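The figures here come from the full heavy-atom set of this structure, side chains too, leaving out hydrogens, waters and symmetry mates. Quick caveat: nothing in here was measured; it's all calculated off a predicted structure.
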Amino acid sequence: MKKFLFLMTVLCVLGTTAVAQDVFRKGNVVGNVQVGIGAYKNYGVGFPISASVDVGAFDRIINGENGSIGLGGYVGFASYNNTIIENALVYDNSATSFVIGLRGTFHYQLVDNLDTYAGFMAGVNRLWTNNSITSQLTGYVVDDKTTYNSTRFASAFFVGARYYFTNSFGVVAEAGYGFANCSIGITFKF
C-alpha cells in the first residue's frame with residue numbers, strides 16, 4: 001500500500017511539469033489480454049490468464065492537461081497441479097481459481113505512446129481445490145480425496161504501462177498485489 005501511495009504522489013508531482021500526447025482519455029475503450037506469473041495465495045498459483053477493459057471516464061484532471069480516470073472490468077483464470085513426495089507418501093494437490101471484478105485506474109502519460117497507470121480491482125473469487133494422499137509403499141489411498149470450494153471477496157492493487165505501436169495496438173505489463181504478481185500481454189484501443 002505504501003508503494004502504491006508513493007507512486008501516486010510521484011505521478012501527481014510530475015503532473016505539474018510533464019505533458020505528453022494523450023494516449024488514454026475520456027471515451028476511450030481499451031482491452032487487455034494478459035498472461036501472468038505467480039499469484040497471491042488466496043487465488044491459487046500458476047500462470048493466470050486474464051482479460052480486462054478500461055473505459056475513460058474523466059480526463060485532463062491535473063492542471064487541465066494530464067491525468068485520466070478509467071473504469072472497467074476484469075476476468076481472470078488460474079489453475080495448477082502439484083505433487084509432493086514425502087516420507088513414502090504422495091500428496092496430490094490441484095486448484096482452479098476464477099475471478100471477476102470491477103477496476104478503477106488512474107492514468108498519467110509521461111511520454112508519447114506510453115500510458116502509465118495505477119489502480120484497484122474489487123470482485124469475487126471462486127476457488128476449487130482437490131487434495132489426496134497415497135502411500136508409495138502400498139499404493140492405497142491414505143486420505144480420501146478432499147474437495148474444498150469457496151467464494152470470497154477478491155481485491156488487487158496494481159501499476160501498469162501500455163506502449164502503443166499504432167493508435168490502436170500495443171503491449172501491456174502490470175505488476176501488483178492480487179490475482180497475478182506480474183503479467184504481460186497485448187492491448188487494443190477502440
Between [Y] and [X], is there a side-chain heavy-atom distance shorter than 4.5 Å?
{"X": "R152", "Y": "V124", "value": "no"}
{"X": "V55", "Y": "L71", "value": "no"}
{"X": "S150", "Y": "W128", "value": "no"}
{"X": "P48", "Y": "Q34", "value": "no"}
{"X": "H107", "Y": "V23", "value": "no"}
{"X": "L127", "Y": "N125", "value": "yes"}
{"X": "Y74", "Y": "S50", "value": "yes"}

A quick test of your reading: do over 12 heavy atoms of other residues, nucleotides or ligands sit less than 6.0 Å from CD1 of I184? no
Applying salt bridge (charged side-chain N to carboxylate O under 4.0 Å, His left out), can you list everything that pairs with D115, at least two apart in sequence or on another chain? R162
How long is the span from the CZ atom in F47 to the OG atom in S79, to the nearest 0.5 Å? 12.0 Å
From I62 atom CD1 to Q109 atom CD, the distance as rounded to the nearest 0.5 Å: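 With rounding to 0.5 Å, CD1 (I62) is 9.5 Å from CD (Q109).
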Transitive ILVMFWY side-chain link [X] to [Y], under 4.5 Å:
{"X": "I61", "Y": "Y108", "result": "yes"}
{"X": "F106", "Y": "L110", "result": "yes"}
{"X": "I100", "Y": "V35", "result": "no"}
{"X": "L102", "Y": "V99", "result": "no"}

Check the orientation of F157 and F120. Use parallel for under 30°, tilted for 30 to 60°, and perpendicular for over 60°.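 The rings of F157 and F120 sit tilted, inter-plane angle from 30° to 60°.
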Look at the aromatic rings of F158 and Y117 and report parallel, tilted or perpendicular, splitting at 30° and 60°. perpendicular
Taking Y163 as the fixed residue, which of V172, L114, T116 is the one that meets the side-chain contact (heavy atoms from CB on, under 4.5 Å) rule? L114
Donor-acceptor side-chain pairing of S68 and R25 below 3.5 angstrom: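 No, because no side-chain N or O of S68 sits under 3.5 Å from a partner of the opposite role on R25.
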Could you note down all residue pairs passing salt bridge (charged side-chain N to carboxylate O under 4.0 Å, His left out) where residues 168-180 supplies at least one of them, sequence neighbours left out?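 The answer is R103-E174.
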The criterion is ring pair (Phe, Tyr, Trp, His ring centres under 6.0 Å); which residues satisfy it with Y91, sequence neighbours excluded? none
Under the ring pair (Phe, Tyr, Trp, His ring centres under 6.0 Å) test, residues paired with F188 that sit two or more places apart: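 F188 satisfies ring pair (Phe, Tyr, Trp, His ring centres under 6.0 Å) with F169 only.
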Who are the side chain to side chain donor-acceptor pair (under 3.5 Å) partners of T187, not counting sequence neighbours?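 With sequence neighbours excluded, T187 shows a side chain to side chain donor-acceptor pair (under 3.5 Å) to N32, given in chain and number order.
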Under the side chain to side chain donor-acceptor pair (under 3.5 Å) test, residues paired with T129 that sit two or more places apart: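 Residues passing side chain to side chain donor-acceptor pair (under 3.5 Å) with T129: none at all.
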K26 backbone acceptor or donor facing D59 side chain under 3.5 Å: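 Judged by distance alone, yes, a pair lies under 3.5 Å.
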Which atom pair, heavy atoms only, marks the closest approach of Y164 to S168? CD2-C, 4.5 Å
Taking all heavy atoms of G31 and all of F190, pick out the closest pair and write down the distance. N-CE1, 4.2 Å
